[in-house]
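Working notes, structure below.
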Amino acid sequence: MKAIQLAGHSYSELPGVIFKAVLPSQLAQEFGDIVWVSSTGRRAVLIDLVSGSFTFPDTVEKITDLLQHFDARLQAGELLHELHTFLQRKGSQAVAAVVDWQDEAFSCTWIGNPRLYKLSEDKVESLLGPPEIQPMTTLGMQGELKLGSAIFAYQSECVYWLASDGLALSALEQQHQKAYAADNELQWRQLGELCNTGDDWSVIIFPVQLRSDFKKENWPYDPFVGAQEEREHEKRGLAAIADALFAHPDFTGFKIVGSGAIARANSTRLVDGYLISPWGIVLLELKDHSVAVELKLSSNRMWVGGPEKRHDEKNPVTNVSEALRAFGNWDVGIDIDDRLRRIAAVVFTHPQAQVNCITPEGNEQKLPQRYGDVLISTPETLGEQLKNYARSIIGKRKSAPISIEQIEQVVAVFRGGGDAVAEESVEKRVVDNYRMGAEPIAAESTNYYQVFQGHSIARGTPVWIKRFALSALSRESLERNAQNLGREAEALRELVTSEYMPRVQRYLGGEKTDEEVFVVLEQVKGVPLDEWLKQNPERARRIQLLKELAKTLAALAELNFVHRALSPHNIRVQDNDMPVVINFEMCRLEHLSTLPISGRYALDRRFVAAETNQVGAQITPASDTYSFGRLVCLVLTDKLQFDTYAEQAMVARSKQFWSDLEQQAGIAAHDLRRILAPSPVQRPTGQALLTMVEQWQ
């Protein structure tokens with residue numbers, strides 16, 4: 001495990017990939033282990049049901065449902081007490097452990113005999129005492145509930161394995177070096193299968209990666225354009241600015257362009273980025289001081305630190321003013337007041353910054369302040385300060401002077417190299433022997449990628465060219481980021497040998513630049529599934545389409561592929577009613593890290609399973625089975641009976657719901673409950689799914 005540095009900051013409020021759930025590749029039908037990662041990513045739960053004490057799959061399904069509801073409101077001990085009460089009612093027992101990430105430590109609360117192993121470079125330690133063969137106490141048993149608890153400080157050179165009793169310490173010690181160095185799901189699962197005492201085992205690995213991305217899942221889109229600054233505090237600062245602007249009602253559509261993304265011969269690297277907003281174009285200079293700062297506005301120097309340890313730096317206001325002069329004559333591509341594009345901001349991003357501004361008159365003032373065209377602020381005050389400054393220029397009208405369309409025009413000019421690039425030059429762009437069109441296809445593009453019309457230079461064959469923008473707001477290197485964005489190409493290259501390749505979009509080529517990844521794909525004929533349904537096809541055609549789709553999923557499961565994003569848009573129905581699965585950009589590849597946050601924005605949440613949208617949860621072909629189940633409802637009833645998996649937990653508890661759905665879909669309620677089960681373990685995959693579907697009439 002590579003060292004993970006916290007850089008002196010608390011990451012407790014920032015989303016990251018902390019826990020990773022790992023289970024055997026082949027689960028026994030009576031499998032009684034449950035591993036669960038909360039939607040916040042800060043809690044993981046391991047439950048090992050005592051053999052012979054529970055009914056499968058009813059108990060597993062209900063516990064999974066309970067965990068989903070317990071996430072936000074219960075402390076670890078309270079959660080275990082709730083599960084204890086539930087298991088007593090069911091006459092079942094379980095060993096359990098809850099791990100929470102709190103500031104810079106992990107807290108563990110447990111009952112029974114779970115294993116917690118700490119792997120350092122030279123040894124493996126068992127942290128919860130000698131591993132018991134049989135648990136002395138369990139959830140669900142009679143008598144007083146005796147919980148254990150401990151706090152383990154975060155150590156950058158260590159990795160923890162929380163495991164059920166199916167994972168043996170002696171075996172893990174033999175695989176110590178491999179286990180310590182492992183850094184992806186494939187390696188962890190292979191090690192679990194080497195170190196287990198049977199097929200009944202489960203593991204939660206942590207910390208996987210405390211920061212994979214400073215972007216937040218609740219942002220409506222990814223605002224960053226091009227490679228941003230490389231230093232950790234700059235990435236954190238830019239994310240803090242974005243977070244504050246997303247919370248402001250008058251900054252819809254803003255973008256932040258990295259200074260290195262501007263393709264101009266005279267581009268300046270004197271600043272940390274460019275905010276393109278409805279209220280002006282702003283050069284950004286970020287400062288990350290966590291101590292006292294004295295900023296004398298009329299001086300070229302800034303003093304940092306207390307009386308005993310004080311040093312001076314160049315005044316950032318002077319620095320950004322120099323950049324403004326270099327930027328002043330650039331054509332930004334839209335007709336706006338010149339004063340709205342000659343604004344700079346010095347933003348003190350550290351939450352503990354203590355900034356004292358000294359005016360030319362000698363007065364001491366706190367943030368926010370302004371000196372000429374330079375705003376001096378924090379991430380939280382920048383938006384309102386910029387809006388007020390813009391209004392002092394244009395008058396106090398309600399609407400912002402720059403529209404979302406104009407923001408996109410400015411971004412295009414910045415990336416294009418000055419004045420707007422002529423369409424003819426864009427048309428000449430070649431990607432791996434395919435010529436690329438100028439404008440993205442709106443119906444096929446998302447906030448995660450853009451799709452362009454293209455054609456083969458040699459034969460003129462029409463293709464789609466998918467463009468991903470690389471992001472440097474990540475702890476990963478750009479090369480690793482490129483591998484993640486290029487997962488579609490890697491997956492489809494492997495699928496080319498499958499007999500079901502005609503049912504999967506073909507990969508044709510691609511390339512990578514410093515800031516972009518391009519994937520050339522077959523332009524699949526046909527219409528999206530929801531458009532096909534508007535033709536009101538007869539039931540026999542609908543059933544046949546589902547059978548063909550099940551064949552494709554069976555083939556993907558055989559190769560251990562997970563599409564992860566099945567939806568009507570990603571299934572194209574050809575003239576012969578053959579469904580073709582497209583858009584594999586979010587597929588699960590075990591040797592790659594989790595999806596970037598921007599990828600999760602593009603998921604159609606009406607069709608994804610709960611685990612698909614939980615960072616750190618194990619993604620298996622069962623996730624595609626759930627999406628298939630949602631498609632079954634749509635195809636056979638022309639509607640969705642609930643919006644998301646979260647709503648399913650509320651409306652699908654009654655037997656009446658399933659009997660009504662059976663009547664509407666003409667499919668046995670037993671089959672529908674299995675393919676839409678909250679627990680992945682219960683859902684059929686591969687040949688089992690195909691066998692079920694082939695019986696439908």
Side-chain angles (χ1 to χ4, degrees), residues 1-4 18-37 44-53 60 93-99 106 108 110-138 148 150 152 155 157-209 560 590-591 616-620 680-681:
M1 185 88 168
K2 299 175 180 65
I4 305 169
I18 300 173
F19 301 104
K20 183 62 184 177
V22 183
L23 293 165
S25 55
Q26 299 296 327
L27 300 179
Q29 184 67 7
E30 65 280 0
F31 191 74
D33 284 22
I34 300 170
V35 286
W36 181 81
V37 180
V45 179
L46 182 144
I47 297 172
D48 184 6
L49 291 159
V50 175
S51 299
S53 74
V60 173
Q93 295 183 26
V95 169
V98 180
V99 182
F106 296 98
C108 183
W110 73 93
I111 185 170
N113 64 337
R115 275 66 163 142
L116 181 59
Y117 301 128
K118 175 182 173 183
L119 282 67
S120 57
E121 192 168 6
D122 57 345
K123 62 181 176 180
V124 179
E125 300 176 72
S126 179
L127 297 181
L128 303 185
E132 304 170 10
I133 297 176
Q134 294 294 330
M136 302 299 294
T137 59
T138 63
F152 306 98
Q155 295 176 294
E157 297 293 339
C158 295
V159 60
Y160 297 87
W161 285 40
L162 175 65
S164 64
D165 62 2
L167 205 74
L169 173 61
S170 58
L172 186 59
E173 287 174 331
Q174 293 177 6
Q175 302 293 330
H176 164 233
Q177 291 301 325
K178 288 183 179 179
Y180 179 70
D183 66 357
N184 62 63
E185 181 182 341
L186 177 62
Q187 293 173 349
W188 287 320
R189 194 180 68 245
Q190 290 173 339
L191 284 160
E193 290 173 347
L194 281 173
C195 299
N196 72 82
T197 57
D199 293 332
D200 189 8
W201 62 272
S202 56
V203 179
I204 296 173
I205 311 289
F206 62 96
V208 173
Q209 190 178 42
N560 204 24
E590 293 177 302
H591 63 282
Q618 186 167 32
I619 307 299
T620 69
V681 178

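Contact record, A163 with V203: CB-CG2, 4.1 Å, taken as the closest heavy-atom pair. Taking all atoms of both residues into account, the shortest heavy-atom contact from C195 to Q175 is SG-CG, 3.8 Å. Nearest approach of I47 to A96, heavy atoms of both residues: CG1-CB, 4.1 Å. The two residues L167 and Y117 come nearest to each other via the heavy atoms O-OH, 3.2 Å. The shortest non-hydrogen separation linking L23 to W201 is C-CH2, 3.9 Å. Taking each heavy atom of F19 and V208 in turn, the nearest pair found is C-CG2, 4.0 Å.
Panel note: side chain R115, backbone N113; a donor-acceptor pair is recorded below 3.5 Å. In terms of modelled atom types and a separation under 3.5 Å, the side chain of S164 and the main chain of S202 share a donor-acceptor contact.
In this view, K118 and E125, L127, Q155, C158, Y160 satisfy the side-chain contact (heavy atoms from CB on, under 4.5 Å) rule, not counting sequence neighbours. Under the side-chain contact (heavy atoms from CB on, under 4.5 Å) criterion, T620 pairs with Q618, A622, not counting sequence neighbours.
Here the straight-line distance linking atom CG of L186 with atom CG of L191 works out to 9.5 Å at 0.5 Å rounding. One finds the CD atom of Q93 at 9.5 Å from the CD1 atom of I111 (value rounded to the nearest 0.5 Å). To the nearest 0.5 Å, atom CG of residue L119 and atom CD of residue E157 are 13.0 Å apart. In this structure, I619 CD1 and E185 CD are separated by 8.0 Å, a value rounded to the nearest 0.5 Å.
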Steps toward side chain to side chain contact (heavy atoms under 4.5 Å, CB included) verdict (V45, I34): CA-CA 8 Å; V45 179; I34 300 170; over 6 Å; no
Would V124 and W161 count as a side chain to side chain contact (heavy atoms under 4.5 Å, CB included) if you check the C-alpha gap in whole Å, the side-chain angles of each, and the deciding distance to 0.1 Å? CA-CA 10 Å; V124 179; W161 285 40; over 6 Å; no
Please evaluate residues L162 and W110 with respect to the criterion side chain to side chain contact (heavy atoms under 4.5 Å, CB included), reporting the C-alpha separation (whole Å), side-chain torsions for both, the decisive distance (0.1 Å), and the verdict. CA-CA 11 Å; L162 175 65; W110 73 93; over 6 Å; no
Can you list the steps and then say if D165 with D48 is a side chain to side chain contact (heavy atoms under 4.5 Å, CB included)? CA-CA 8 Å; D165 62 2; D48 184 6; 3.3 Å; yes
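Residue Q177 places its CD atom among more than 12 non-hydrogen atoms of other residues, nucleotides or ligands, all under 6.0 Å distant.
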